[in-house]
Each structure stands twice: as C-alpha cells, then as structure tokens.
Amino acid sequence: MPSRLTPTTSASDAAPSFPPMPDFAARLIAWQRQHGRHDLPWQNTRDPYRIWLSEIMLQQTQVSTVIPYYTKFLARFPDVAALAAAPSDHVMALWAGLGYYTRARNLHRCAQVVVEQHGGTFPASVEELAELPGIGRSTAAAIASFGFGARATILDGNVKRVLARVFGVVGFPGEKKVENAMWMLAESLLPSNASNAELSAYTQGLMDLGATLCVRGKPDCTRCPFAPDCVANLTGRQRELPTARPKKAVPTRRTWMLVLRDGNAVMLERRPPSGIWGGLWSLPEAADEASLAERARAFGSDGAVSPLASFSHVFTHFKLNIEPRLAELDRGVGALAALNDAHTAWVALSDLDSFGVPAPVRKLLDSLHGSLI
DNA sequence: CAAGCGTGGTC
DNA sequence: TGACCAAGCTT
C-alpha cells in the first residue's frame, strides 16, 4: 500500500488507483457557495441555449476574452431559433477574432439540428447532448449540469490541474492514458446523493477552484479547502503538477498577402472550409513574390506592387511570417460590385465588421484604414 | 491515436 | 519576450 503522498499513477501504470479523499464533493460544494464565482454573464440562468453558447465559446478560451463575444451573440441571436435561421456568414462575422473557427460552424449547425430534430429544445441527457456538433464529453456534462442539474463530470483544463495536484496524478493530461485515468477519477468523485442545485454548484466549484485558486503559476494553497490533503501542496510539487506538455519545435511558414485596393475598398477572398481560418474572408495569398505579382495582374492591376511592413503571427502549431504587398486599382465602386461572388468580395475598409476576417489580417487592414484617413 | 485548429493573457 | 496554455472537439 503506497503512502498517500506517493504518486499512484504514471504512464506505465496499468491500473492506477488514487488516495482516498473523504467528502471531496461536500467540501467543494461548500467552498463554491461561499467563495466561488456567481456573477458571470452566463450564470444565474437555466436556459440551455445561453449555457451552451457560453460553453462552446469557453472551449480553450479564457473568460475575459469570451465575455464581449457572448454579449454580442446574445444580443443578435437571443434564442436558438434566431441563430439557426441566420446566414452562416453572419455567424462567422460575429465570431471573427475569437479563434478556432470550427467552433462557429459547429455552433451554427448545432442550432439547426436542435431546431430541426429536437423541436427547438436542447436535449437534457449527456448522451444526446454529446451527439450534437461541437459538443464533446466535457461540454455535454457542463451543459447538463448547469442546465438540468445532471450528475455528470466535466474534465477541462481546470479539473485536470486540480486533480493532478490534489491526487498527485503524474503524466501529461493530453496523453490518452492519463486523460482516461482522470476521467475515471473525476467520475468517482461525483456526489452520490446530491440535489440538482448541489450538482450544479459542484461542477462550478471544479472550474472555480482551478480558475481562481489552483492556478498554473502561483496557486493560493492557503485558501484551498483541500490544502490539508493535497499531494502537491504537502510535497511542494505545485509547480511540477500537472505534468507539462512535451516540448516540440514550432515550424515557420511564410506567405505573401495581396492588399488590392481601389479607393477605400479592398478585395477579400473566401478561404477553404477546412484548415487554418477555414471559411473566413482573407486577403489573396501566394507562396512567393512573383506569384503574388502575377495574381495582382490577373485581378487587373498594372503589376506595380509595393511592400508593406512584414509581420508574424503565431498559431498553436506553427508560426506564420506574413509579407503584405499593396497594389492599386481605379475602377470605382460600381464596377467593383459586379465582381463580387461567393468567393470574392470588394469591401469598404469601414465595413469589415460585416465579414469574418482573421485577427492579424483585420489588424493589417485597420492600420491601413487608419493611414488613409 | 496524435495532430490540427486561434487568439490573447500571463509571467 | 518567448514560453506556456486556457470552461476541448474533430478527424
């Protein structure tokens, strides 16, 4: 029998077991009610639509980043029917800047499935929720817990960090084996005889503990209800748990972007539905200087292309060096409008809000707009 | 299964 | 200032 301070799971353990933790749920619920968060914009409602919308936006995204987007979406699309009926381009335009654009597409599809196959009402079970586009196991549990008081566990970044520290779970949580062990542990910690309200508070408590006390950098163990039992706290290993992601070199790519300008308008191209910035509107690109000049001529420019300040943008898995080039046309607004189709759009620099434009491209165009005034 | 998928916060 | 990663899901 290992000491309760001994890590009891690792990548090589076939059947991990964990130290006992009496009253984990009761202590967490009590802590959440006294010290947790109760005034986030998506709290104090049982409307599954609002809960779902917030949970999708919060995937891999911090609360402070989500709040303005959540407010915008709720104002424009007050219910699931309004969202389902909206054109895809409107949804993408409103999502622009938030990242992970597959979420926006799945959000829209999910709204349509709820309307067409569930009569406009979100299903109440975790199993049915998890079948909907963009809703995985953890998000389904969050929606079911907050919306219906269901007994289901989440397992997000907060919970992984809390569990790794409190129970001394060793191994990168992104690894399947470690994640599976954490799902088992999280399930085992759910309270057995709790009310709907208590189950909601329990789920919120998991998130709140990880987001406000058991943070990555400097966890505030003095205020933690699990400090007397926490493996990381008792052994001074808060910094080592959870186990960090294995380091990997980030490759660099380079692209040339064409700012084709006619007066106050620029030309945008719709990107392919999958891949980086899928489905968004961006600038025409080429793999080198000469190819870009060729594209400019094909669009009717005289071939005079001038350089703008280059910059780089870092994604999760690669770094992109962007070489913007400026070319000018003088056709006038009326002639430009006739060129627009499903893949091409001439857009006034003052009207970019109507299009889903990637954040770094938006910044480039905004700076250009500013310099033209 | 691991890889692909954005952006901004934080230190 | 670059490293690290956040209320993960899909392929």
Side-chain angles (χ1 to χ4, degrees), chain A residues 36-37 40-43 51-70 92 95-107 109-110 129-146 153-162 172-180 182-183 186 200 203-212 214-219 239 242-253 271-280 282 312-320 356-363:
Chain A
R37 297 172 294 184
L40 295 169
W42 40 85
Q43 290 184 300
I51 294 164
W52 162 72
L53 179 61
S54 72
E55 290 302 330
I56 301 302
M57 289 185 167
L58 286 161
Q59 289 169 0
Q60 298 295 94
T61 311
Q62 297 187 349
V63 166
S64 59
T65 302
V66 164
I67 287 176
Y69 285 87
Y70 177 79
M92 299 306 290
W95 193 277
L98 196 54
Y100 284 146
Y101 297 98
T102 298
R103 290 185 296 172
R105 251 205 261 286
N106 283 334
L107 184 86
R109 282 206 296 137
C110 181
L129 285 166
E131 288 176 11
L132 294 168
I135 302 181
R137 183 173 175 181
S138 186
T139 298
I143 297 169
S145 175
F146 295 139
T153 190
I154 58 169
L155 186 65
D156 62 8
N158 288 312
V159 184
K160 286 174 177 174
R161 190 168 52 255
V162 168
F172 173 52
E175 189 183 331
K176 203 65 179 174
K177 197 166 188 174
V178 178
E179 186 176 351
N180 287 341
M182 286 188 165
W183 273 115
S200 298
T203 301
Q204 189 63 50
L206 285 176
M207 294 173 168
D208 290 349
L209 193 67
T212 66
C214 196
V215 295
R216 186 167 67 91
K218 283 185 83 169
R239 204 168 44 82
T243 304
R245 171 189 301 276
K247 295 184 195 300
K248 273 204 312 191
V250 177
T252 298
R253 302 179 197 171
R271 295 184 59 86
S274 63
I276 209 79
W277 297 335
L280 270 66
S282 190
S312 66
H313 183 74
V314 180
F315 296 94
T316 306
H317 52 300
F318 67 96
K319 178 178 177 181
L320 185 63
V357 178
V361 176
R362 178 62 193 258
K363 283 175 193 160

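Convention: sequence-line order gives letters A, B, ...; per-chain numbering from 1. Computed over heavy atoms, backbone and side chain alike; hydrogens, waters and symmetry mates excluded.
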Would you compute the distance between atom CD1 of A:Ile143 and atom OG of A:Ser54 and round it to the nearest 0.5 angstrom? 8.0 Å
To the nearest 0.5 angstrom, please state how far the CG atom of A:Leu209 sits from the CD atom of A:Gln204. 11.5 Å
What is the separation between atom [atom1] on [X] and atom [atom2] on [N], rounded to the nearest whole Å?
X	N	atom1	atom2	value
A:Leu320	B:dG6	CG	C1'	12 Å
A:Gln60	B:dG9	CD	P	16 Å
A:Lys218	B:dC11	NZ	P	10 Å
A:Arg239	C:dA3	CZ	P	18 Å
A:Arg362	B:dT7	CZ	P	13 Å
A:Leu98	C:dA7	CG	P	14 Å
A:Phe318	C:dA3	CZ	C1'	18 Å
A:Leu53	C:dA7	CG	C1'	13 Å

Look for any protein N or O under 3.5 Å of an N or O in nucleotides 2-4 of chain B and output each such pair with its distance, or none.
none

Every protein N/O within reach of nucleotides 9-11 of chain C N/O, cut-off under 3.5 Å:
residue: C:dC9; atom: OP1; partner: A:Gly136; partner atom: N; Å: 2.9
residue: C:dC9; atom: OP1; partner: A:Gly136; partner atom: O; Å: 3.4
residue: C:dC9; atom: OP1; partner: A:Thr139; partner atom: N; Å: 3.0
residue: C:dC9; atom: OP1; partner: A:Thr139; partner atom: OG1; Å: 2.8
residue: C:dT10; atom: OP1; partner: A:Gly134; partner atom: N; Å: 2.6

Residue pairs passing the salt bridge (Lys or Arg N to Asp or Glu O under 4.0 Å) test where at least one lies in residues 54-67 of chain A, sequence neighbours excluded: none
[X]: partners by side-chain hydrogen bond (donor to acceptor under 3.5 Å, both in side chains), with sequence neighbours left out:
X	value
A:Glu131	none
A:Ser145	A:Thr203
A:Arg109	A:Asn106
A:Thr65	none

Going by side chain to side chain contact (heavy atoms under 4.5 Å, CB included), A:Phe172 matches just one of A:Lys160, A:Arg245, A:Glu179. Which one? A:Arg245
Taking atom P in both C:dT11 and B:dG6, compute the distance separating them and give it to the nearest angstrom. 14 Å
Whole-angstrom distance between C:dA7 and B:dC11, as gauged at atom P: 14 Å
Map A:Pro358 and A:Gly217 onto DNA chain B by nearest heavy atom, then report which one ends up closer to the 5' terminus. A:Pro358
A:Tyr69: what forms a ring pair (Phe, Tyr, Trp, His ring centres under 6.0 Å) with it, not counting sequence neighbours? none
Check every strand shown and say whether [X] touches a base, only sugar-phosphate, or nothing at a heavy-atom separation below 4.0 Å.
X	answer
A:Lys363	sugar-phosphate
A:Leu280	nothing
A:Ala359	sugar-phosphate

So if I take every side-chain heavy atom of A:His313 and compare against C:dC5, B:dT7, C:dA7, which nucleotide ends up nearest? B:dT7
Of the listed nucleotides (C:dA7, C:dG8, B:dG9), which one gets closest to any side-chain atom of A:Tyr100? C:dG8
Can you tell me if the side-chain N/O atoms of A:Trp42 get under 4.0 Å from OP1 or OP2 in C:dA7? no
So, is A:Arg161 close to the C:dA6 phosphate, meaning a side-chain N or O under 4.0 Å from OP1 or OP2? yes
Counterpart residues, side-chain contact (heavy atoms from CB on, under 4.5 Å), relative to A:Gln59 (two or more places apart): A:Ile56, A:Arg103, A:Thr139
Partners of A:Asp208 by salt bridge (charged side-chain N to carboxylate O under 4.0 Å, His left out), sequence neighbours excluded? A:Arg37
Those residues at least two apart in sequence (or on a different chain) that pass salt bridge (charged side-chain N to carboxylate O under 4.0 Å, His left out) with A:Arg271 are A:Glu285
A:Tyr70 and A:Trp42 aromatic ring geometry - parallel, tilted or perpendicular at 30°/60° bounds: perpendicular
Interface with DNA chain C, restricted to residues 61-70 of chain A and to heavy atoms under 4.0 Å: A:Gln62
